[in-house]
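Note that this is a predicted model, so its numbers are computed, not measured. Atoms within a ligand are numbered from 1 in the order they appear, just like the ligands themselves.
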Amino acid sequence: MNINKHYAELADSYLFSTVARKAAEFQKANPDREVIKLSIGDVTLPLAKCVVEAMHKAVDEMGTAEGFHGYGPEQGYDFLKDAVRDYYAGHGVNLKSGEIFISDGAKSDLANVLGLFDVNNTVLVPDPVYPTYVDDNVSDGRKVIYAKCDESNNFLPMPDPNVKADIIYICSPSNPTGAVYTPEQLKVWVDHANATGAVILFDAAYECFVSEPGLARSIFEVEGARTCAIEICSFSKIAGFTGTRCGYTVVPEELEREGRSLHQMWLRRQTTKFNGVPYIVQRGAAAVFTESGMAEIQHNLDYYRRNAQVIGKALEEAGVWFCGGKNSPYLWMKCPGGMTSWEFFDYLLEKTGVVGTPGSGFGPCGEGYFRLTAFGNAEKTKIAAELLKKAIMEL
Ligand code: PLP
């Protein structure tokens with residue numbers, strides 16, 4: 001038998017385990033000092049009340065003969081697909097319900113969607129980037145090339161006419177940099193993809209954090225995207241579903257390659273290889289889009305936004321370059337004094353007990369940068385921001 005040899009090509013992922021180990025070692029050596037994690041990529045606020053109530057109600061229904069739900073539609077229940085469609089319409093994006101496929105989260109679909117494409121395709125990912133994109137493709141045997149990001153392009157790479165790629169990943173707002181594209185910038189990518197035949201995989205997991213005007217929440221705000229893009233999104237960050245698991249993928253009906261409809265292929269894939277998200281979870285997700293749900297969700301998002309503001313203000317006062325934090329839970333700062341990412345990690349931890357994530361763990365272009373997140377407790381974030389500012393200014 002032959003195993004998938006490409007697994008041997010995966011780079012070992014030491015980033016989060018090393019961060020956790022170093023933080024634990026520091027705490028053990030300094031039991032009296034407080035460790036504050038500005039490295040958390042998970043949400044910390046509990047599920048909104050309306051979500052919990054909707055799920056309780058769905059559990060009760062499931063215990064009755066009339067309300068029992070067995071296998072549901074693989075693509076998701078109409079009540080949730082319609083709610084997502086209406087959410088998009090609220091942002092000026094018209095989708096058909098049938099173009100929305102409910103999933104158990106963005107991470108699964110980011111990998112699953114690759115099944116629509118041959119392994120001989122070349123994949124373009126930004127550097128630095130959410131590491132999953134690279135691993136999903138390396139383990140399939142696809143060639144991965146990088147779009148370099150730096151301060152000169154505000155960590156938002158634009159198409160290079162000399163670079164040919166078949167699959168293009170765009171993450172906006174970006175993990176790890178927090179950078180967000182405008183619709184005008186996305187239009188350049190869309191025109192490029194339509195001209196070259198590439199397909200854009202647009203990861204919108206953090207769209208809910210976009211609050212300033214003039215920034216895109218969805219690639220489908222852009223004319224021409226329906227013939228070149230697939231959008232993958234999640235309830236994880238908008239509504240704290242990181243442990244509850246629900247997301248959705250939008251595959252427009254017009255999206256075709258080599259005379260085949262990718263929409264039909266995805267429908268075929270989902271109805272064959274997936275048996276749907278639990279009814280109870282979908283009821284909880286639908287509650288997010290009710291009037292009271294949206295109000296509760298905004299309240300939670302505002303909590304994280306305030307944390308981001310607090311960290312951003314500290315960085316401004318310390319005089320370091322950073323991006324993100326305004327329309328994203330992530331802040332991406334330049335390490336002071338020419339330090340490498342890990343040098344700054346060690347310095348900050350030793351001096352203050354504050355933990356962040358070294359940018360070099362997200363790709364070579366992340367070297368010399370550092371990721372901070374707004375998902376922590378507000379009081380602790382305030383303390384950490386002050387300590388961070390002081391530590392930078394004392395350098
Ligand atoms: N996409 C990005 C950019 C992420 O940062 C994450 C999680 O942190 C995901 C996708 C995964 O989302 P989900 O929880 O829906 O699998």
Please determine if [X] has a nitrogen or oxygen closer than 3.5 Å to a nitrogen or oxygen of ligand 1.
{"X": "Thr242", "value": "no"}
{"X": "Lys107", "value": "yes"}
{"X": "Asn175", "value": "yes"}
{"X": "Ala205", "value": "no"}

**Message:** Just so I know, are the side chains of Phe117 and Met265 near enough to count as touching, which here means a heavy-atom distance under 4.5 Å?
**Reply:**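 A side-chain contact under 4.5 Å is absent here.
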**Asked** Would you call Ile100 and Arg85 a side-chain contact if the rule is heavy atoms closer than 4.5 Å?
**Response**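 In short, these two side chains touch, coming nearer than 4.5 Å.
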**Request:** Determine whether any heavy atom of Gly41 lies closer than 4.0 Å to an atom of ligand 1.
**Result:** no
**Asked** Is it true that Asp203 lies under 4.0 Å from ligand 1, counting heavy atoms only?
**Response**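 Within the 4.0 Å threshold, so yes.
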If we ignore angles and hydrogens, is there a donor and acceptor under 3.5 Å between the side chains of [X] and [Y]?
{"X": "Gln298", "Y": "Tyr303", "value": "no"}
{"X": "Glu207", "Y": "Tyr87", "value": "yes"}
{"X": "Asn137", "Y": "Tyr169", "value": "yes"}
{"X": "Tyr77", "Y": "Asp82", "value": "no"}
{"X": "Glu61", "Y": "Tyr279", "value": "yes"}

**Which atom of Ile102 lies closest to which atom of Phe274, heavy atoms considered** = O-CE2, 3.6 Å
**Item:** Close-contact set for ligand 1 against Cys171 heavy atoms, below 4.0 Å
**Value:**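 In order of numbering, the contacting atoms are 3 (C).
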**Message:** I'd like to check which ligand 1 atoms, numbered from 1 as shown, lie under 4.0 Å from a non-hydrogen atom of Gly105.
**Reply:** 15 (O), 16 (O)
To which protein heavy atom is [atom] closest, and what is the distance rounded to 0.1 Å?
{"atom": "atom 14 (O) of ligand 1", "answer": "Ser236 OG, 2.6 Å"}
{"atom": "atom 12 (O) of ligand 1", "answer": "Ala106 CB, 3.7 Å"}
{"atom": "atom 16 (O) of ligand 1", "answer": "Arg245 NH2, 2.7 Å"}
{"atom": "atom 7 (C) of ligand 1", "answer": "Lys237 NZ, 3.5 Å"}
{"atom": "atom 9 (C) of ligand 1", "answer": "Tyr130 OH, 3.3 Å"}

**Prompt:** Picking from Val250, Thr271, Asp109, what satisfies side chain to side chain contact (heavy atoms under 4.5 Å, CB included) with Trp266?
**Reply:** Asp109
**Request:** With rounding to the nearest 0.5 Å, note down the distance linking CH2 in Trp332 to CG in Asn175.
**Result:**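 Trp332 atom CH2 to Asn175 atom CG measures 9.0 Å (nearest 0.5 Å).
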**Prompt:** Looking only at heavy atoms, is any part of Tyr206 under 4.0 Å from ligand 1, and if so is it the side chain, the backbone, or both, or is it neither?
**Reply:** side chain
**Asked** Which of these, Gly247, Ala204, Ser234, Ser172, has its nearest heavy atom closest to atom 15 (O) of ligand 1?
**Response** Ser234
